[in-house]
Amino acid sequence: MMNSHNQQLSLLSLSLAFLLLSGLRVEARLQHHAMNYQKLFVFGDSYVDTGNTRIDQPGSWKNPYGITFPGKPAGRFSDGRVLTDYIAKFLGLKSPLPYKFRKFIPQNLKYGMNFAYGGTGVFDTSSKNPNMTIQIDFFKQLIKENVYTASDLSKSVALVSVAGNDYNFYLARNGSIQGFPSFIASVVNQTAINLLRIQSLGVKKIVVDGLQPLGCLPGSTASLSFQKCNSTFNDLVLLHNNLLNQAVTKLNEQTKNKTTFIVLDLYDSFLSVLNHPSSNNIKDAFKPCCVGISSQYFCGSVDENNVKKYKVCDHPKSAFFWDLLHPTQAGWLAVYNELQTTKALQQIRY
(Lines give C-alpha, C1' and ligand atoms only; values in the text may rest on other atoms or scores of the structure.)
Protein backbone atom coordinates (compact mmCIF):
# COMPACT_ATOMS: atom_id res chain seq x y z
CA MET A 1 0.00 0.00 0.00
CA MET A 2 1.14 3.55 -0.82
CA ASN A 3 1.57 5.85 2.12
CA SER A 4 -0.22 9.19 1.91
CA HIS A 5 3.02 11.04 1.10
CA ASN A 6 3.70 8.83 -1.92
CA GLN A 7 0.07 9.10 -2.96
CA GLN A 8 0.31 12.89 -2.95
CA LEU A 9 3.51 12.75 -5.01
CA SER A 10 2.00 10.50 -7.68
CA LEU A 11 -1.14 12.69 -7.86
CA LEU A 12 1.14 15.69 -8.28
CA SER A 13 3.08 13.89 -11.03
CA LEU A 14 -0.18 13.02 -12.79
CA SER A 15 -1.37 16.63 -12.53
CA LEU A 16 1.93 17.91 -13.93
CA ALA A 17 1.83 15.36 -16.74
CA PHE A 18 -1.75 16.41 -17.54
CA LEU A 19 -0.76 20.10 -17.61
CA LEU A 20 2.26 19.34 -19.76
CA LEU A 21 0.21 17.32 -22.22
CA SER A 22 -2.49 20.02 -22.38
CA GLY A 23 0.20 22.60 -23.08
CA LEU A 24 1.72 20.45 -25.80
CA ARG A 25 -1.70 19.96 -27.37
CA VAL A 26 -2.30 23.73 -27.44
CA GLU A 27 1.21 24.23 -28.84
CA ALA A 28 0.57 21.56 -31.50
CA ARG A 29 -2.75 23.21 -32.38
CA LEU A 30 -1.03 26.57 -32.80
CA GLN A 31 1.74 25.02 -34.87
CA HIS A 32 -0.78 23.21 -37.00
CA HIS A 33 -2.04 26.59 -38.19
CA ALA A 34 1.43 28.07 -38.74
CA MET A 35 2.86 26.96 -42.07
CA ASN A 36 6.44 25.73 -42.14
CA TYR A 37 7.70 27.18 -45.43
CA GLN A 38 10.80 25.59 -46.85
CA LYS A 39 11.55 27.69 -49.92
CA LEU A 40 11.47 31.31 -51.08
CA PHE A 41 11.32 32.24 -54.77
CA VAL A 42 12.06 35.86 -55.66
CA PHE A 43 11.20 37.85 -58.80
CA GLY A 44 11.75 41.50 -59.65
CA ASP A 45 14.41 44.19 -59.50
CA SER A 46 17.25 45.71 -57.46
CA TYR A 47 15.15 45.95 -54.28
CA VAL A 48 15.32 42.15 -54.00
CA ASP A 49 18.27 41.13 -56.27
CA THR A 50 21.02 39.39 -54.27
CA GLY A 51 23.56 38.84 -57.04
CA ASN A 52 22.07 38.10 -60.48
CA THR A 53 23.10 41.37 -62.12
CA ARG A 54 26.31 41.01 -64.14
CA ILE A 55 29.64 42.00 -62.63
CA ASP A 56 30.38 44.41 -65.51
CA GLN A 57 27.20 46.44 -64.87
CA PRO A 58 27.19 49.56 -62.65
CA GLY A 59 26.53 49.29 -58.91
CA SER A 60 26.05 46.11 -56.83
CA TRP A 61 29.38 44.40 -57.70
CA LYS A 62 31.50 47.57 -57.37
CA ASN A 63 33.06 49.12 -54.28
CA PRO A 64 31.71 50.44 -51.90
CA TYR A 65 28.55 48.27 -52.27
CA GLY A 66 28.46 45.55 -49.60
CA ILE A 67 30.76 47.35 -47.13
CA THR A 68 28.46 46.59 -44.16
CA PHE A 69 27.58 43.04 -45.25
CA PRO A 70 29.33 40.87 -46.29
CA GLY A 71 32.21 43.39 -46.20
CA LYS A 72 32.78 43.49 -49.97
CA PRO A 73 30.60 43.89 -53.11
CA ALA A 74 28.36 40.82 -53.45
CA GLY A 75 25.66 41.81 -55.94
CA ARG A 76 23.27 43.63 -53.59
CA PHE A 77 22.27 47.23 -54.36
CA SER A 78 23.03 48.40 -50.83
CA ASP A 79 25.83 48.58 -48.30
CA GLY A 80 24.46 45.29 -46.93
CA ARG A 81 21.30 43.22 -46.74
CA VAL A 82 18.17 43.94 -48.80
CA LEU A 83 14.47 43.10 -48.45
CA THR A 84 14.92 39.48 -49.65
CA ASP A 85 17.28 38.75 -46.76
CA TYR A 86 14.79 39.99 -44.17
CA ILE A 87 11.81 38.13 -45.67
CA ALA A 88 13.92 34.94 -45.74
CA LYS A 89 14.86 35.53 -42.09
CA PHE A 90 11.16 35.98 -41.23
CA LEU A 91 10.44 32.58 -42.80
CA GLY A 92 13.37 31.00 -40.96
CA LEU A 93 15.25 30.37 -44.22
CA LYS A 94 18.65 31.23 -45.64
CA SER A 95 18.46 33.89 -48.34
CA PRO A 96 17.76 32.02 -51.60
CA LEU A 97 20.52 31.45 -54.13
CA PRO A 98 20.75 33.87 -57.10
CA TYR A 99 19.70 32.07 -60.30
CA LYS A 100 23.06 32.64 -61.98
CA PHE A 101 24.87 30.65 -59.25
CA ARG A 102 22.53 27.63 -59.40
CA LYS A 103 25.21 25.35 -60.94
CA PHE A 104 28.02 26.50 -58.63
CA ILE A 105 26.34 26.06 -55.22
CA PRO A 106 23.77 23.28 -55.84
CA GLN A 107 23.50 22.46 -52.11
CA ASN A 108 21.80 25.85 -51.59
CA LEU A 109 18.97 25.08 -54.04
CA LYS A 110 16.99 23.77 -51.08
CA TYR A 111 16.22 27.31 -49.82
CA GLY A 112 14.56 28.34 -53.10
CA MET A 113 15.92 30.69 -55.74
CA ASN A 114 16.23 34.38 -56.52
CA PHE A 115 15.42 35.28 -60.15
CA ALA A 116 15.45 39.08 -59.64
CA TYR A 117 17.70 41.37 -61.70
CA GLY A 118 18.49 45.02 -60.95
CA GLY A 119 17.05 47.57 -63.37
CA THR A 120 14.23 45.38 -64.66
CA GLY A 121 10.47 45.89 -64.76
CA VAL A 122 7.35 43.99 -65.73
CA PHE A 123 8.00 45.32 -69.25
CA ASP A 124 11.35 45.91 -70.97
CA THR A 125 13.33 48.85 -69.57
CA SER A 126 16.71 50.38 -70.48
CA SER A 127 18.27 47.39 -68.65
CA LYS A 128 19.31 44.46 -70.83
CA ASN A 129 18.56 42.10 -67.93
CA PRO A 130 15.60 39.66 -68.11
CA ASN A 131 12.22 41.27 -67.39
CA MET A 132 9.79 39.56 -65.01
CA THR A 133 8.11 37.45 -67.71
CA ILE A 134 11.52 35.94 -68.60
CA GLN A 135 12.36 35.46 -64.90
CA ILE A 136 9.17 33.41 -64.51
CA ASP A 137 10.16 31.45 -67.66
CA PHE A 138 13.44 30.52 -65.90
CA PHE A 139 11.41 29.29 -62.91
CA LYS A 140 9.08 27.27 -65.16
CA GLN A 141 12.08 25.62 -66.85
CA LEU A 142 13.57 24.54 -63.49
CA ILE A 143 10.21 22.97 -62.54
CA LYS A 144 10.17 21.18 -65.91
CA GLU A 145 13.67 19.85 -65.14
CA ASN A 146 12.41 18.60 -61.73
CA VAL A 147 14.80 20.85 -59.82
CA TYR A 148 11.68 21.73 -57.78
CA THR A 149 8.75 19.34 -57.30
CA ALA A 150 5.05 20.01 -56.76
CA SER A 151 5.59 19.18 -53.08
CA ASP A 152 8.42 21.78 -52.86
CA LEU A 153 6.19 24.41 -54.45
CA SER A 154 3.26 23.73 -52.11
CA LYS A 155 5.55 24.66 -49.18
CA SER A 156 6.97 27.80 -50.78
CA VAL A 157 6.50 31.56 -50.81
CA ALA A 158 7.11 33.88 -53.77
CA LEU A 159 8.28 37.45 -53.24
CA VAL A 160 7.61 39.81 -56.16
CA SER A 161 9.12 43.30 -56.35
CA VAL A 162 7.94 46.04 -58.73
CA ALA A 163 9.93 49.06 -57.54
CA GLY A 164 9.36 51.55 -60.36
CA ASN A 165 11.84 50.85 -63.18
CA ASP A 166 8.97 50.75 -65.69
CA TYR A 167 8.07 54.30 -64.62
CA ASN A 168 11.65 55.59 -64.80
CA PHE A 169 11.86 54.19 -68.34
CA TYR A 170 8.50 55.76 -69.26
CA LEU A 171 9.80 59.18 -68.17
CA ALA A 172 13.18 58.62 -69.86
CA ARG A 173 11.32 58.07 -73.15
CA ASN A 174 9.49 61.38 -72.64
CA GLY A 175 6.18 59.73 -71.73
CA SER A 176 3.58 62.42 -71.01
CA ILE A 177 2.14 63.13 -67.57
CA GLN A 178 -1.35 62.88 -69.18
CA GLY A 179 -0.59 59.34 -70.35
CA PHE A 180 0.84 58.27 -66.98
CA PRO A 181 -2.41 56.95 -65.38
CA SER A 182 -3.13 54.57 -68.27
CA PHE A 183 0.51 53.40 -68.26
CA ILE A 184 0.23 52.74 -64.50
CA ALA A 185 -2.89 50.65 -65.17
CA SER A 186 -0.97 48.59 -67.76
CA VAL A 187 1.94 47.99 -65.31
CA VAL A 188 -0.48 46.80 -62.60
CA ASN A 189 -2.36 44.64 -65.09
CA GLN A 190 0.89 42.96 -66.19
CA THR A 191 1.88 42.49 -62.54
CA ALA A 192 -1.43 40.67 -61.90
CA ILE A 193 -0.77 38.42 -64.94
CA ASN A 194 2.67 37.61 -63.52
CA LEU A 195 1.23 36.77 -60.07
CA LEU A 196 -1.30 34.40 -61.65
CA ARG A 197 1.45 32.71 -63.66
CA ILE A 198 3.52 32.09 -60.52
CA GLN A 199 0.39 30.69 -58.84
CA SER A 200 -0.33 28.41 -61.83
CA LEU A 201 3.14 26.86 -61.34
CA GLY A 202 2.11 25.71 -57.84
CA VAL A 203 3.22 28.39 -55.35
CA LYS A 204 0.65 28.81 -52.57
CA LYS A 205 1.65 32.15 -51.00
CA ILE A 206 2.58 35.06 -53.24
CA VAL A 207 3.74 38.34 -51.73
CA VAL A 208 3.97 41.46 -53.90
CA ASP A 209 5.50 44.78 -52.86
CA GLY A 210 3.38 47.86 -53.03
CA LEU A 211 5.33 50.72 -54.61
CA GLN A 212 7.53 52.70 -52.23
CA PRO A 213 7.17 56.54 -52.18
CA LEU A 214 9.19 57.29 -55.34
CA GLY A 215 8.93 61.00 -54.57
CA CYS A 216 10.99 60.45 -51.39
CA LEU A 217 13.95 58.71 -53.06
CA PRO A 218 17.11 60.87 -53.14
CA GLY A 219 16.94 60.95 -56.94
CA SER A 220 13.64 62.84 -56.56
CA THR A 221 14.58 64.97 -53.54
CA ALA A 222 18.05 66.12 -54.69
CA SER A 223 16.50 69.26 -56.24
CA LEU A 224 14.83 69.94 -52.86
CA SER A 225 18.23 69.64 -51.06
CA PHE A 226 17.16 66.22 -49.69
CA GLN A 227 14.69 67.96 -47.37
CA LYS A 228 11.24 66.71 -48.42
CA CYS A 229 9.39 64.42 -50.82
CA ASN A 230 8.14 65.27 -54.30
CA SER A 231 4.36 65.07 -53.90
CA THR A 232 3.61 64.82 -57.66
CA PHE A 233 5.50 61.51 -57.86
CA ASN A 234 3.90 60.23 -54.68
CA ASP A 235 0.39 60.92 -56.05
CA LEU A 236 1.21 58.66 -59.01
CA VAL A 237 2.52 56.00 -56.58
CA LEU A 238 -0.79 56.10 -54.68
CA LEU A 239 -2.65 55.44 -57.94
CA HIS A 240 -0.39 52.42 -58.61
CA ASN A 241 -0.94 51.09 -55.08
CA ASN A 242 -4.73 51.55 -55.18
CA LEU A 243 -4.93 49.66 -58.47
CA LEU A 244 -2.59 46.95 -57.15
CA ASN A 245 -4.70 46.46 -54.00
CA GLN A 246 -7.84 46.16 -56.14
CA ALA A 247 -6.15 43.64 -58.47
CA VAL A 248 -4.90 41.51 -55.54
CA THR A 249 -8.34 41.54 -53.86
CA LYS A 250 -9.81 40.27 -57.14
CA LEU A 251 -7.14 37.53 -57.46
CA ASN A 252 -7.89 36.32 -53.93
CA GLU A 253 -11.62 36.16 -54.74
CA GLN A 254 -10.96 34.24 -57.97
CA THR A 255 -8.64 31.63 -56.44
CA LYS A 256 -10.92 31.05 -53.41
CA ASN A 257 -8.26 30.27 -50.79
CA LYS A 258 -6.26 27.96 -53.05
CA THR A 259 -3.62 30.69 -53.02
CA THR A 260 -3.13 33.75 -50.91
CA PHE A 261 -1.89 36.90 -52.60
CA ILE A 262 -0.55 39.47 -50.13
CA VAL A 263 0.53 43.09 -50.65
CA LEU A 264 3.46 44.41 -48.59
CA ASP A 265 2.82 48.08 -47.90
CA LEU A 266 6.23 49.60 -48.62
CA TYR A 267 4.67 53.05 -49.05
CA ASP A 268 3.53 53.43 -45.44
CA SER A 269 6.55 51.52 -44.08
CA PHE A 270 9.03 53.84 -45.84
CA LEU A 271 7.09 56.94 -44.74
CA SER A 272 6.84 55.74 -41.12
CA VAL A 273 10.63 55.47 -40.97
CA LEU A 274 11.27 58.73 -42.88
CA ASN A 275 8.82 60.64 -40.66
CA HIS A 276 10.16 59.13 -37.40
CA PRO A 277 13.81 58.38 -38.16
CA SER A 278 15.16 58.56 -34.60
CA SER A 279 12.79 55.86 -33.32
CA ASN A 280 14.40 53.59 -35.95
CA ASN A 281 17.98 54.65 -35.08
CA ILE A 282 18.22 56.62 -38.33
CA LYS A 283 19.93 60.03 -38.27
CA ASP A 284 19.98 60.84 -42.00
CA ALA A 285 16.49 60.26 -43.36
CA PHE A 286 16.58 61.71 -46.89
CA LYS A 287 20.26 62.26 -47.64
CA PRO A 288 21.97 59.35 -49.44
CA CYS A 289 25.12 57.90 -47.84
CA CYS A 290 27.04 57.20 -51.06
CA VAL A 291 27.06 59.79 -53.87
CA GLY A 292 29.15 60.81 -56.86
CA ILE A 293 31.48 63.79 -56.31
CA SER A 294 29.51 65.66 -59.00
CA SER A 295 26.29 65.10 -60.94
CA GLN A 296 28.10 63.19 -63.71
CA TYR A 297 29.21 60.49 -61.23
CA PHE A 298 27.36 58.00 -59.02
CA CYS A 299 28.04 55.81 -56.01
CA GLY A 300 30.77 53.40 -57.14
CA SER A 301 31.99 55.53 -60.10
CA VAL A 302 35.69 55.51 -60.96
CA ASP A 303 37.53 57.37 -63.74
CA GLU A 304 39.70 55.79 -66.47
CA ASN A 305 42.63 55.60 -64.01
CA ASN A 306 40.44 53.76 -61.48
CA VAL A 307 40.40 56.81 -59.19
CA LYS A 308 37.18 56.83 -57.19
CA LYS A 309 34.69 59.57 -57.99
CA TYR A 310 32.28 59.04 -55.09
CA LYS A 311 32.17 59.66 -51.37
CA VAL A 312 30.64 57.60 -48.55
CA CYS A 313 29.12 58.98 -45.32
CA ASP A 314 30.83 58.25 -42.01
CA HIS A 315 27.96 56.19 -40.58
CA PRO A 316 26.08 54.04 -43.15
CA LYS A 317 24.37 52.33 -40.18
CA SER A 318 22.48 55.53 -39.35
CA ALA A 319 21.50 56.51 -42.92
CA PHE A 320 18.22 55.38 -44.50
CA PHE A 321 19.31 55.67 -48.15
CA TRP A 322 22.48 54.15 -49.51
CA ASP A 323 22.51 55.74 -52.99
CA LEU A 324 20.03 57.74 -55.09
CA LEU A 325 17.53 54.86 -55.27
CA HIS A 326 18.18 52.19 -52.66
CA PRO A 327 17.96 51.90 -48.86
CA THR A 328 20.92 50.95 -46.69
CA GLN A 329 20.88 47.72 -44.69
CA ALA A 330 19.78 49.88 -41.73
CA GLY A 331 17.01 51.35 -43.91
CA TRP A 332 15.75 47.91 -44.95
CA LEU A 333 15.89 46.68 -41.35
CA ALA A 334 13.80 49.68 -40.23
CA VAL A 335 11.27 49.03 -43.05
CA TYR A 336 11.17 45.32 -42.10
CA ASN A 337 10.51 46.25 -38.46
CA GLU A 338 7.62 48.48 -39.61
CA LEU A 339 6.26 45.67 -41.81
CA GLN A 340 6.23 43.34 -38.80
CA THR A 341 3.58 45.56 -37.21
CA THR A 342 1.26 45.03 -40.23
CA LYS A 343 -1.07 42.11 -40.92
CA ALA A 344 0.66 41.28 -44.20
CA LEU A 345 3.72 39.53 -42.77
CA GLN A 346 1.58 37.53 -40.34
CA GLN A 347 -0.59 36.41 -43.28
CA ILE A 348 2.44 34.80 -44.88
CA ARG A 349 2.87 32.45 -41.94
CA TYR A 350 -0.75 31.31 -41.67
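Keep in mind that what you see is a predicted model, and the values were worked out from it rather than measured.
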Polar contact flag, side-chain donor to acceptor under 3.5 angstrom, [X]-[Y]:
X	Y	value
D152	T149	yes
S220	N230	no
Q246	N242	no
S161	D45	yes
Q38	Y111	no
Q57	N129	yes
N165	T125	no

Side chain to side chain, [X] and [Y], heavy atoms closer than 4.5 Å:
X	Y	value
C289	V312	yes
P218	D323	no
R102	L142	yes

Going by an N to O cut-off under 4.0 Å, is there a salt bridge joining D137 and R197?
->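 A salt bridge links D137 with R197.
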Common cluster, I198/M132, ILVMFWY with side-chain heavy-atom separation under 4.5 Å |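 Yes; M132 is reachable from I198 via cluster members.
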Full working for side-chain contact (heavy atoms from CB on, under 4.5 Å) between I136 and F115 | CA-CA 8 Å; I136 300 168; F115 299 93; over 6 Å; no
Among D85, N108, T84, which residue meets the side-chain hydrogen bond (donor to acceptor under 3.5 Å, both in side chains) test with S95?
->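 With S95 as partner, D85, N108, T84 yield a single side-chain hydrogen bond (donor to acceptor under 3.5 Å, both in side chains), made by D85.
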F90 ring centre to R349 NZ or CZ under 6.0 Å, with the angle to the axis within 45°?
->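 Ring-cation test returns yes.
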K308 to Y310, cation-pi by 6.0 Å centre distance and 45° axis angle |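 Because its charged atom sits under 6.0 Å from the ring centre and within 45° of the axis, K308 does stack over Y310.
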Is [X] reaching over with its side chain to a backbone N or O of [Y], donor-acceptor style, under 3.5 angstrom?
X	Y	result
K100	T53	yes
K62	I55	yes
Y47	D209	no
D79	Q329	yes
N252	F261	yes
N52	N114	yes
Y148	L109	yes
K205	L159	no
N194	V122	no
T328	F320	yes

Please verify the inter-ring angle class for [X] with [Y]; under 30° counts as parallel, over 60° as perpendicular, anything in between as tilted.
X	Y	value
F321	F270	tilted
F123	F183	tilted
Y167	H240	perpendicular

Start with the C-alpha distance between I87 and L264, add both sets of side-chain angles, then the distance that settles side-chain contact (heavy atoms from CB on, under 4.5 Å), and finish with yes or no.
-> CA-CA 11 Å; I87 298 298; L264 280 189; 4.0 Å; yes
Go through the structure and list residues passing side chain to side chain contact (heavy atoms under 4.5 Å, CB included) with D268, not counting sequence neighbours.
->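 Testing D268 for side chain to side chain contact (heavy atoms under 4.5 Å, CB included), a comparison that skips the adjacent residues, returns D265.
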Apply side-chain contact (heavy atoms from CB on, under 4.5 Å) to the pair L201 and K140, showing each step before the final yes or no.
-> CA-CA 7 Å; L201 293 169; K140 188 177 178 182; 3.8 Å; yes
Got a second to check how far T232's OG1 is from F180's CZ, nearest 0.5 Å?
->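 Here the rounded value is 11.0 Å.
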Above 12 or not: heavy atoms from other molecules or residues under 6.0 Å from OH of Y37?
->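 Result for OH/Y37: enclosed.
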Would you please test Y86 and Y336 for ring pair (Phe, Tyr, Trp, His ring centres under 6.0 Å) and show each step?
-> CA-CA 7 Å; Y86 289 108; Y336 170 65; 5.4 Å; yes
